[in-house]
Amino acid sequence: MIGQPLLTDKIVALRRFHPRDVDAFHAAVDESLNDLIPWMTWAHPAYGREDVAEFIRVVGETWDTGRYFALAITDARDGMMLGAASISHIHPVYHFGNLGYWIRSSRRGNGLAGRAARLAAKFGLENLGLIRVEVVIAVGNEASQRVAEKSGAQREGILRDRITVREQVLDAVMFSFTRGDFGLPPL
């Protein structure tokens, strides 16, 4: 295994990305592009190994600045790269951030994304000083909405014209986790 997990539930593990993850992460992205392209602005048909290498380099730097926390989602038993979760758009005054996640296509439908989302939210609340972690999902992305629901995130409503995916402005469903969802004391 490349790095020690930050969090694990013994099914999935979350850890920082490492430069040696490029090939494994590229394989997960490549297998999943058709599922990612409709919802992830960064995903495009030509997304390749060089893009993955740049992503991993950049997320190492942004982690150290506290602006963006990308987490490799791996199988806790064998270390297989499963996908990614991230906490971004961290508000310095109101202490909330945005949670994103995806699981490689061949491992979808097994509850892994929900487990990873819950662990990532807990990481943000426990380790980043957040009081709220938001999950903002395009209205049409029903699979991601099911993940949020199964992970225990609370559905709050539909936000009009909330996100943009490749020039298309979309309504989004807002979900959230708060410290109380994990039995954590208020800050």
Side-chain angles (χ1 to χ4, degrees), residues 2-3 12-63 65 67-75 78-90 97-121 133-151 153 158-175:
I2 290 177
V12 297
L14 303 180
R15 62 171 173 76
R16 288 183 71 164
F17 277 97
H18 188 278
R20 290 184 301 236
D21 287 325
V22 170
D23 290 329
F25 193 60
H26 176 250
V29 169
D30 192 54
E31 156 187 322
S32 307
L33 269 175
N34 288 337
D35 293 322
L36 295 169
I37 287 171
W39 310 116
M40 304 289 190
T41 299
W42 58 265
H44 56 83
Y47 194 89
R49 188 180 187 286
E50 297 78 25
D51 297 302
V52 170
E54 179 66 5
F55 167 77
I56 289 175
R57 185 190 68 74
V58 168
V59 300
E61 292 174 3
T62 58
W63 185 293
T65 66
R67 294 189 326 250
Y68 179 80
F69 297 87
L71 299 156
I73 304 170
T74 63
D75 187 307
D78 65 14
M80 178 184 190
M81 181 65 67
L82 299 175
S86 64
I87 298 180
S88 62
H89 300 93
I90 296 171
N98 185 69
L99 170 62
Y101 48 80
W102 66 270
I103 293 288
R104 70 187 307 148
S105 296
S106 64
R107 298 293 296 271
R108 289 178 58 188
N110 298 312
L112 300 173
R115 289 174 172 279
R118 189 160 182 83
L119 286 172
V133 173
E134 297 179 343
V135 187
V136 183
I137 304 167
V139 166
N141 190 346
E142 293 173 8
S144 192
Q145 290 176 48
R146 282 192 303 276
V147 167
E149 290 166 354
K150 289 179 180 180
S151 70
I158 295 177
L159 307 177
R160 298 178 309 139
D161 293 345
R162 176 56 175 83
I163 59 176
T164 304
V165 178
R166 275 182 284 292
E167 314 298 322
Q168 186 178 8
V169 178
L170 303 169
D171 292 348
V173 182
M174 172 68 78
F175 292 86

What donor-acceptor contacts under 3.5 angstrom involve side-chain atoms of residues 111-120, with partners at least two apart or in another chain?
{"from": "R115", "atom 1": "NH1", "to": "D9", "atom 2": "OD2", "distance (Å)": "2.7"}
{"from": "R118", "atom 1": "NH1", "to": "S151", "atom 2": "O", "distance (Å)": "3.0"}
{"from": "R118", "atom 1": "NH2", "to": "D181", "atom 2": "O", "distance (Å)": "3.4"}

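Between S86 atom OG and F69 atom CZ the span is 11.0 Å, to the nearest 0.5 Å. Taking CZ of R15 as the reference point, atom CG of L71 lies at 10.0 Å (rounded to 0.5 Å). Note that the NE2 atom of H44 and the CG atom of L33 stand 8.0 Å from one another [nearest 0.5 Å]. Atom OG of S106 and atom CG of D35 lie 10.0 Å apart (nearest 0.5 Å).
Under the 3.5 Å distance criterion, the side-chain polar atoms of D171 are matched with a main-chain donor or acceptor of D161. Of the possible polar contacts, none joining the H18 side chain to the D21 backbone as a donor-acceptor pair under 3.5 Å is found. A donor-acceptor contact shorter than 3.5 Å is absent between the side chain of Q145 and the backbone of V173. Between the side chain of N141 and the backbone N or O of A138 there is no donor-acceptor pair closer than 3.5 Å.
With a 4.5 Å cut-off on side-chain heavy atoms, F17 and F55 count as touching. Looking at heavy atoms from C-beta onward, F175 lies out of side-chain contact with L99 at the 4.5 angstrom threshold. Residues D23 and R49 meet the side-chain proximity criterion, which asks for heavy atoms closer than 4.5 Å. Put simply, the side chain of I73 reaches to within 4.5 Å of the side chain of L14, judged on heavy atoms. At a threshold of 4.5 Å between non-hydrogen side-chain atoms, the residues I90 and Y68 do not count as touching.
Ring geometry for F25 against W102 counts as tilted: the plane angle lies between 30° and 60°, on a 0 to 90° scale.
For N34, there are no side chain to side chain contact (heavy atoms under 4.5 Å, CB included) partners, not counting sequence neighbours. For E142, the salt bridge (Lys or Arg N to Asp or Glu O under 4.0 Å) criterion is met by no residue, not counting sequence neighbours.
Salt-bridge formation is not detected for the pair E149/R146: no Lys NZ or Arg NE/NH1/NH2 atom is positioned less than 4.0 Å from an Asp or Glu carboxylate oxygen.
Residues G60 and R16 approach most closely at O-NH2, 3.6 Å, considering heavy atoms.
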